[in-house]
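Lettering of chains follows the sequences in order, A, B, ..., and the numbering in each one begins at 1.
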Amino acid sequence: MKVVEIRNLTKTFGTFIAVDSVNLSVGKGERYALIGPNGAGKTTLLKMLVGLLLPGSGNAAICGHDIVREPLAAKKHFGYVSDDPSAYDYLTGSEFLTMTGRLRGLAGAELDKRIARLVPLFPISGILRQSMTRYSRGNKQKIAFLASMLAEPELLIIDEPIVGLDSASIDTMGKTLVDYAARGNTVLFVTHILDFAQKFAGRVGVMHMGRITKELSINKSIKLGNLL
Amino acid sequence: MYILGTLFRADLILMKRWFAAGIYSRLFVASLFFLLFGGIAYALYGISNIFFNNLAAFDRYGQMTAAYIIHAAIAVVLWLSLTSSVAAASGTVLTSSPSLTYLLTLPVPRVWITTWTYLKTISANLTVMLFVFVPVTLSYAGAFDMLSLGFLLRTVLVLSCLVIVSGSVGMLVALALVGWLRGHEYHFSVIGFGLFFGGMVWILKLVFPPALSRIYDATSEQFAVLFAGLPLNNPVLPTFWLAQTVTSGISGGTLIAVLLTAAVLLISLGVQIRRFVPVILAEHSRPYLKNLPEYWKNRLSHFRYPLLIKDWLSLVRLPSETGYGLFLISIAAFFFLSLSYGTKNISHPGNWQVQLIVFSFSWLMFFTIALLLRFIFPLVSREGRSAWYLFSLPKPRTEILLSKVLLAVLSDIPLFLLALIVWRVLPFAAGYRQIMFGASIMIIFFLSLFQTFLGAIAPNFSLGHDPEKVSTSGMGILTLGLSVAVTAEACMLVSMMITGRISQFLMTGVLFAVGIFLTVLLWLTAGKAMQRYEW
């Protein structure tokens, strides 16, 4: 069973076809990157997968659960970070992580242990008790990323993982994704930064005008810069 | 001057674009707004009419008492306007509006930025005050045959003086205080609330001294002595000159008041031009890194409904929201305390008790609707840019709605307390207190549920950062309309119950049945709508 299975998924806004009969399968342990120009439909595709947009036609399943018929079962299997990682400015980073854990069924010592394990990934312990109003975009991105991994879901879906991050954090983010997938999990992300996809993705799908026009496995001989 | 004109033209274009985005729906919303304000103005006019016509029966003494009430209203409006100006001006300086922030990056001289901001504030305040104050003075003029163009112009002149003075002083106070405010918003909110409420009570005691209650039964000689001794009847008070301008015409006092207003305006504008932009820049440049106590994190760890805590924090952690809520509640408390002072020990003509109960009930509901529309209706929309987080979680959307419902019920508590104050302190016949308290609790509860569900039917996530705009959107106006319709029905039933046309049991039963019916209907509709959200 594939972790992500998409069949003829389509989404239109009025007469504009944002996603056009997309088929995609991502297996366990894979790191799959969707790349493509602005307006290609990458974010729309992810939003349908995570339940923020209703598909026009076609179907998609996450870990065997149809995203329309069994949305809650599907959502239990992934963590998601939006391309705009704004999340409740009035909470502190620590409160946000705790709330996410609670909403994903974690509690008590186990929740504290997981937060304590994740936080050192990025140098953010000094700001965790501050209101997120003052967080930079990069720090919001880090907190949202940590929150998405808190329940250790089988699938991470991340829209633009490195926008706003400094170079050290980009490297940490990439290595964390690689480690996460190495533990038997799956990572699906959208990026404009081809170097990042080249370095940290295992397979790449190129989206153009709502369709996945090309798919390829990354190896040293392939230069993604030539694809777009 | 050209820059000022450009800035106002930009505001005009913004307004035109707002209409152009959906001409019919926007015209509908605008018409509803005018209808609403018109309705409030008409209600104020009608209520004041009853009051002043009652006083008109006492001839010259009645007119003098009515003039005193106008003076009292001016004093009250001045205090309210002054305190709200300080709060609003502090908010403007402390929070950065995108348009103002953008303007600060352009080569626009600060004199024009300051003048533009100031003029907009003054004209908005003047418009609101006109709707509130003019109906009262119009009913006064009608009751005592004084209505003329001159009277109207004098009213506008007095109101302009009040708004300009309060707006000017409010900004000066805000500019002086803002350095200490940053980082201590909550302490200052509490102190400000205490000062505001203390000031209100002091003004009430000043306006309605014990001597005023004796005035209704006094002989002519006693009246003259008692009236002259009333604290507001002091010719050196600036509010006395303003009140005289409305009730008696232009005098030397009017000229002094206008000159004083002009002086305050010039001084304030001078200071604002020098200080407004630098203070804003200084405040926005100041680092604001403060660790918050872990109290709420610990509650989030253990409490059964973490979403409820999140929603609660979304209200109490934003000083502007807390401040506005406290302000509205205290205005309501002030209003009813004034009413209690004003109606204590006065002679009660025929249907006075009926009028007083319906009047108090409708105003209690007015404040309830205002608070709910501002805080409860936008609850779902407030998810705003963070909606991605909530709606991608493995949580049923009905559970998300439940947290909003719980918060709405929790937010009813201050309104229940307000209802308790109303039905305890006002001079109602003892037999009505309990039933009216019960009816008020029931309607407040149902209204909060209606508003929560209506807010979930068509939320406006793009306006989530600005709950005020959410509550004045098309759906907000529709919600307002439904709330007003329910309240009107409740007022009608209350009136029928007091006049003995229906029993208390029937009134309660009908209110309950309508409440339950609408709750179930809106709950089902909201639940269904939530499944279709796209973000």
* Asked: Would you say the side-chain atoms of A:K75 pair up with the backbone N or O of B:F391, donor to acceptor, closer than 3.5 Å?
  -> yes

* Structure fact -> Between B:S314 and A:Y90, the two heavy atoms sitting closest are CB-CZ, 3.2 Å

* **From B:S301 atom OG to A:I115 atom CD1, the distance as rounded to the nearest 0.5 Å** => 7.0 Å

* To do: Side chain from CB out, backbone as N, CA, C, O: work out which of these in A:D112 comes under 4.5 Å of a heavy atom of chain B, or both, or neither.
  => side chain

* Structure fact -> In terms of heavy-atom pairs under 4.5 Å with chain B, the winner among A:T92, A:V50, A:I127, A:D84 is A:D84

* Would you find more than 12 non-hydrogen atoms of other residues, nucleotides or ligands less than 6.0 Å from A:E70 atom CD? -> yes

* Structure fact -> Within residues 97-109 of chain A, contacts to chain B at heavy-atom distances under 4.5 Å involve A:T98, A:M99, A:T100, A:R102, A:L103, A:R104

* Asked: So what's closer than 4.5 Å to chain A heavy atoms on B:R304: side chain, backbone, both or neither?
  -> backbone

* Give, for atom CG of A:L54 and atom CD of B:Q531, the distance between the pair rounded to the nearest 0.5 Å. => 9.5 Å

* Which heavy-atom pair separates B:R397 from A:G51 by the least distance, and what is that distance? -> NH2-O, 3.0 Å

* If we only count heavy atoms from C-beta on, is the B:L292 to A:R129 side-chain gap below 4.5 Å? -> no

* Side chain, backbone, both or neither of A:L91 within contact of chain B (heavy atoms, under 4.5 Å) -> both

* Asked: Would you find more than 12 non-hydrogen atoms of other residues, nucleotides or ligands less than 6.0 Å from A:K76 atom NZ?
  -> no

* Under 30°, 30 to 60°, or over 60°: which ring-plane class applies to A:F96 and B:Y389, parallel, tilted or perpendicular? -> tilted

* Structure fact -> Heavy-atom nearest pair, B:S392 first then A:F78, reads O-CE1, 3.8 Å

* Straight-line distance of B:I309 CD1 to A:E95 CD, nearest 0.5 Å -> 9.5 Å

* To do: Locate the shortest heavy-atom distance separating A:S86 from B:R385; write the atom from each residue and the value.
  => OG-NH2, 3.1 Å

* To do: Measure the CG-CG distance between A:L52 and B:L390 for me, rounded to the nearest 0.5 Å.
  => 10.0 Å

* Structure fact -> Under 4.5 Å to a heavy atom of chain B? For A:K11 that would be side chain

